[in-house]
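This report concerns only the one structure given below.
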Amino acid sequence: MEGLRRHKSMFLLPGLLTLALIIIFPLLFTIRVSFSGWNVSSPQMDFIGGANYATMLDDSRFWASIMRLALLAGGTVLIQYVIGFGMALLVWREARGRRLWRVLFLVPMMTTPVVMAAIWQMIFHESLGPVNDLLGMLGLTKVPWLTESGPALVALMTVEVWQWTPFMFLLLLAGLLSLPKEPFMAAAIDGADAWRTFRKVTFPLMAPVSVAAIIIRLIEASKLSDSVYVLTSGGPGSSTETPGYYLYIQGLRDQQTGYSGAMSLTYLVLMIVTLTIVAALLARAFKLKGDS
Amino acid sequence: MRNSSYKGVVAAAAVVALTATACTGQNPVENKPDKPGLFKPGSQISYSKYGPDYPATKVKDVPGPCSYESISRKDYSGQTLKIISHAVPVIGEPTKLHARQFEEITGAKVQVINVPFGELHQKILTPLQAGQSAYDVMFYPSLWVGDMAPHLAPVPKKYLDTPAMKDVTKAYMDVATWDGKVVQYPVDGDRHYLKVRTDVLEDPKRQSAYKAATGKELRTPRTWAEYQEVAAFFSGKEVDDDEKPNFGSAEVTKRDDLTFSAFISRAAPYAKHPDVKGGLFFDVETMKPLINTPGFVRALEDMVKAKSTWAPGGANFGLGDEIFSFGGGQSLMSYSWDDAFIQAQSPDSRIRNKVLAAPLPGSDEVYNRTTKAWDKKRNQVPYFTWGWTSAVAKAAPNQDMAFDYLCFFSNEANTALDLTIGRFGVNPYRNAHFDAAFWEKQGWDKDVAESYVRTLSGMEKSPNRVFDLRVPGVNGYMSALANGVAAALADEKAPQRALDDVAREWNKITEQIGKDKVRSAYRNVVALEDNS
């Protein structure tokens, strides 16, 4: 029996070693790096205490990027949830050609983000892009999509919503397909109309899936950087810079390794804390709605 | 002790990050006797056999140690050369092409890794810092020399004595030199200069209209103020019968896409006083940043004003956009590297031979930081803006093969062909390249060819010139500068405040790297600028 247990442990060993190699070692290494002055010209693992963290507290560009991310992630995930839920409801029941729609809805998600962002860059191109052509045909003024702060944020959000709404759709459709039939039959017998059925049955039953889908998407959205890189490079000025892109500039391009280590860890902790709180609040909100 | 354990940790990290390359074992170095040459002296050389993307142009192999004839006598069979270069096509494509040729004629195996610009610095420097010989030959922007120099093998005398190397212009030999040693192998010569559309600026009807509207002569701008006036006058007007509006100026303005170079071009004549020595970017004695002094601020104010003359999207133009906008005929003027001019002069261009090269615009007054006053005087300052270079790693196991590759890469025949392929990013860097007849043979009109050659060679003669900030951590300095410029262009900050913030960032970077270390490197730059 003891031997069997040892054998079982041996089976776990490769997985545990891999885990240590790809998660625990880099994390510990980053913690150590964040207390060093390692930079492009001085690759020394010296110990400089909390100097990098003190610099970070004074780095308005970093904090502005976090606030911007909160807006971008919160805004886009909310829109994705609403549209994704609507699309899932459309093809949930007996819609004509629903299998085709289901596949079509998933196409954006299957596109490589950088390629997709490059295509969107052309779409939003101010003199060659079809969006401004369309606005021109409608008699509207052309919009500087990628060169003014407000429109650039809208462009970025549009791309995010376009690409990731299918993911939300997929999760919510799976949730809808797994719902029990009995509550809907009871609602039909009671004579509830479609809206009332949605409000009182579908939506509450979907609460656990909804919370999971929103949290998964928020985690994904917190890494937003590839579309920023391609679409705007964080500009104009630094008005579309996200923490992921700023970390890329500091850590990989300018090779401020120690400093970017400090920012990465702070960012990680902030994300864990924020997403935990958001998950708890969402669970509570959906539960309350379900009870009402 | 701590340093050696640190190196071990960094080496481990580099191994994880660079698995394929860093883990590859080194080749055993073998010095084999020469074999019979595959080419006769003076053979005709052409790239046409490599596909339809290459022109059928033929040139003669120029006898010498780097020629096809000489290199094909070398036997590097069984040995591997590892090269890192920029992404295709700019410098990455000629790297690959010449690697293939080198393989064919020497029997060596050549591995080329092409990396996007944003990752190139890190991909080269990290293994070097960790003591890994991940690559034997490296292609990179020459302004990184402050970071790279400690890891580079000096170019041996036998290569410095080749006729091709002796013909490299003084400015580009200076660019290749660090602390008195040639550590970078010259393969390109980059400068910023002005490009204009002559079909518009030399059209008598438009000249009259301009005179009537402004009271001034329409001509190729000689100052940034004139540049702005001309650009503003034509912006939004349709001037070349393609039913699309044209715009005054195309500039590189995208923050992380070489905007710092565009800004330096604009600032040079306001900030580089011919009589004030001792540093343009810093006061070399105190290492106080000068980036927020009035000359630079004036240039940034100019750049902000120029926004009205840019094509739609012009506030987010990368280098590719600038090339397309001027080279494609949308914008009437631009200033940066050769690419837009070569694009305009490509055989299928609708503005071929309707363009002219000229020195960068200057100024009518220049700030004197010693007297803290603006001096009324004409000032024109050429800007030798980085340019691609190449080097061999100190740790490369077979340095002869590595230098032979670079010597072959830049031999006279290859360079002559490379210069004619705009996308390669190889621009004149030898005295022989300043020959208008060569460009006329490519189909350029005489006056276009002469303007090009005159502009480029004229920069070599100038006693008052600007080079890039070639110090350790240069990317950090330029990143901070680009951020400040972008903030002003986006109206997030006033020019003075934006540059004050840049100066603050520069101080932090200098403190972090070490004032003495930066100053020691910066003295090399000051010597180039002051021609001392």
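None of these values were measured; they are calculated from a predicted model. A note on names: the letters A, B, ... follow the listed sequences, proteins ahead of strands, and every chain is numbered from 1.
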Measure L231(A) against the heavy atoms of chain B and call it side chain, backbone, both or neither at under 4.5 Å. backbone

With a 4.5 angstrom heavy-atom cut-off, which part of L489(B) approaches chain A: side chain, backbone, both or neither? neither

Answer yes or no: is there a side-chain heavy-atom contact under 4.5 Å between P312(B) and K142(A)? no

Check whether Y248(A) gets within reach of chain B through its side chain, its backbone, both or neither, counting any heavy atom under 4.5 Å. side chain

So what's closer than 4.5 Å to chain B heavy atoms on S36(A): side chain, backbone, both or neither? neither

Residue selection (most heavy-atom pairs with chain B, distance under 4.5 Å) from E148(A), Q256(A), Q250(A): Q256(A)

Check whether any side-chain heavy atom of V40(A) lies under 4.5 Å from a side-chain heavy atom of N475(B), and answer yes or no. no

So which of P144(A), G37(A), G234(A), S238(A) has the largest heavy-atom pair count under 4.5 angstrom toward chain B? S238(A)

Can you tell me how far the OG1 atom of T232(A) sits from the NZ atom of K254(B), to the nearest 0.5 Å? 8.0 Å

Checking side-chain polar atoms at under 3.5 Å, does D256(B) have a donor or acceptor matched by the opposite partner on S233(A)? no

What part of Y245(A) lies closer than 4.5 angstrom to a heavy atom of chain B: side chain, backbone, both or neither? side chain

Enter the distance from Q330(B):CD to L128(A):CG here, rounded to the nearest 0.5 Å. 7.0 Å

